[in-house]
Amino acid sequence: MPIHAKTALLGSDWVSDLRVETANGVITGLEIGAGPQSADTSVDALLPALSNLHSHAFQRAMAGMTEFRAAGRESFWSWRNLMYRFLDRLTPEQMEAIAALVFLEMQEAGYAAVGEFHYVHHQPGGAPYDQLSELSQRIFAAALRTGIGLTHLPVLYSYGGVRQEPLSGGQLRFGNDVDRFTDLYHECRSAAADLAADTVVGIAPHSLRATSPKDLALLLAQVPEGPVHIHIAEQVKEVEDVQSALGQRPVAWLLDNAQVDSRWCLIHATQMDDAETRALARSGAVAGLCPITEANLGDGIFNGVPYLETQGRFGVGSDSNVRISLPEELRSLEYSQRLRDRSRAVLAAANGSVGHALYTGAAQGGAQALGRNAGEIAVGKLADLVAVDRSHPTLCALADHQLLDGLCFAAPDGLVTDLWSAGRHMVRDGRHIARETIIRDYKAAIADLLTDV
């Protein structure tokens, strides 16, 4: 169905009365200055929809369970132990129901696609399911039900630490060696053939602490194409452990020992020195940032100024899904820089809009990270589109060039009126078309899930 927008963002320019034609999920025609036709879906302000480049869907059901201070100092590592205990209770049916809810919430927040960094593969205790890809197929079922664009990233997780310690406890549900992981990857590729044509399957060596240099090289040789995502430098302790074991900080080691290029996304690049920051920017890879989760876990602050000065590419993701809010991810990214530097408008180019820089940068970087031909409204691109209510009091007085600043810094959640994922019109009048049944099924699925984590 054609779309008519009163205002739309084409590249860096705002245009009026844009009519968008699509076919098979792709934008096939753009007409500026056109009047609406009777068959059109009419919207207020049309933007390229973002891709959420990093999600662990199951963690959404943990939201609110880990904000309790026990004796001693709470940290990422104590949070991780609670997460492992939570995992021991999750069934495949619950995981599917949680993922469907999360994907719905993402679309209502303005994300057209998601990169699901999926590391839970096995039963509690580590025994494989009869079908190795059982839990990945639960993610596929959730994506099919919600219509979200999916880049599925099965995770290679082999060790309990950078010195190749054995897995234990909750980690046992993650574990594969390279051979079994390769079997899993090919099962996922085969199963994904039944999903929408825009579905992508990549790989995710979890981190330098959960794989080994030898295994990483072997995996990359076996899967030479497609997205590669890796947790890279989230915590100071992680950096110290990698430096002790491998002789370099994680980002520096990876750049020196792997062919890091535009297919790569380095998640949580929050602990980098200036040399690593600029080297990563020059590589063409995407820095995958999750500002809400990184703040929630006390990870640290991204080295944004030198990264963008070196034309580095970035995108955002909701990671732990403790809160799913696209504007807040972008706002938190900029505000972290302001608090650290005691400055304002830090991530904008000279004489430029911060909101425009954040939004368009994340749109293009997120699409690249997901191997998705999207990120802008242009003929030949996927119809990943989002419409927002410009009549809302926080936006109604703003000129076109101020609209993204208002969206990022002033507007509340809930201004998305419509969203298309590769042309699939999944959010209408602010609500996902399957909202009631997905929420009902979620509540039923987790009714018996123990919450005393």
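- Residues satisfying the salt bridge (charged side-chain N to carboxylate O under 4.0 Å, His left out) criterion with Arg282, sequence neighbours excluded, are absent altogether.
- Applying the side chain to side chain donor-acceptor pair (under 3.5 Å) rule to pairs touching residues 371-386 yields Asp198-Arg372, Arg372-Asp384, Asn373-Lys381, sequence neighbours excluded.
- For Tyr159, the side chain to side chain contact (heavy atoms under 4.5 Å, CB included) partners at least two apart in sequence or on another chain are Gln164, Ser212, Asp215.
- Not a single side chain to side chain donor-acceptor pair (under 3.5 Å) links Thr270 to another residue, sequence neighbours left out.
- Partners of Asp273 according to the salt bridge (charged side-chain N to carboxylate O under 4.0 Å, His left out) rule, which considers only residues two or more places apart in sequence or in another chain, are Arg249.
- Legend: residues meeting side chain to side chain contact (heavy atoms under 4.5 Å, CB included) with Ser244, ordered by chain and number and at least two apart, are Arg163.
- Interatomic distance, NE2 of His432 versus CE of Met106, reported as 12.0 Å (0.5 Å rounding).
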Only pairs under 3.5 Å count here: list side-chain donor-acceptor contacts from residues 147-156, not counting sequence neighbours, and write none if there are none.
from, atom 1, to, atom 2, distance (Å)
Thr151, OG1, Leu370, O, 2.7
His152, NE2, Ser136, OG, 2.8

Side-chain donor/acceptor pairs under 3.5 Å, residues 250-261, sequence neighbours excluded:
from, atom 1, to, atom 2, distance (Å)
Asp256, OD2, Gln248, NE2, 2.8
Asn257, ND2, Trp253, O, 2.7
Asp261, OD1, Arg263, N, 3.2

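- For Asp441, the side chain to side chain donor-acceptor pair (under 3.5 Å) partners are Arg145, not counting sequence neighbours.
- In terms of the salt bridge (charged side-chain N to carboxylate O under 4.0 Å, His left out) criterion, Arg189 has no residue partners (sequence neighbours excluded).
- For Ser318, the side chain to side chain donor-acceptor pair (under 3.5 Å) test picks out Asn52, Asn321, with sequence neighbours left out.
- Residues satisfying the salt bridge (charged side-chain N to carboxylate O under 4.0 Å, His left out) test with Glu187, not counting sequence neighbours, are none.
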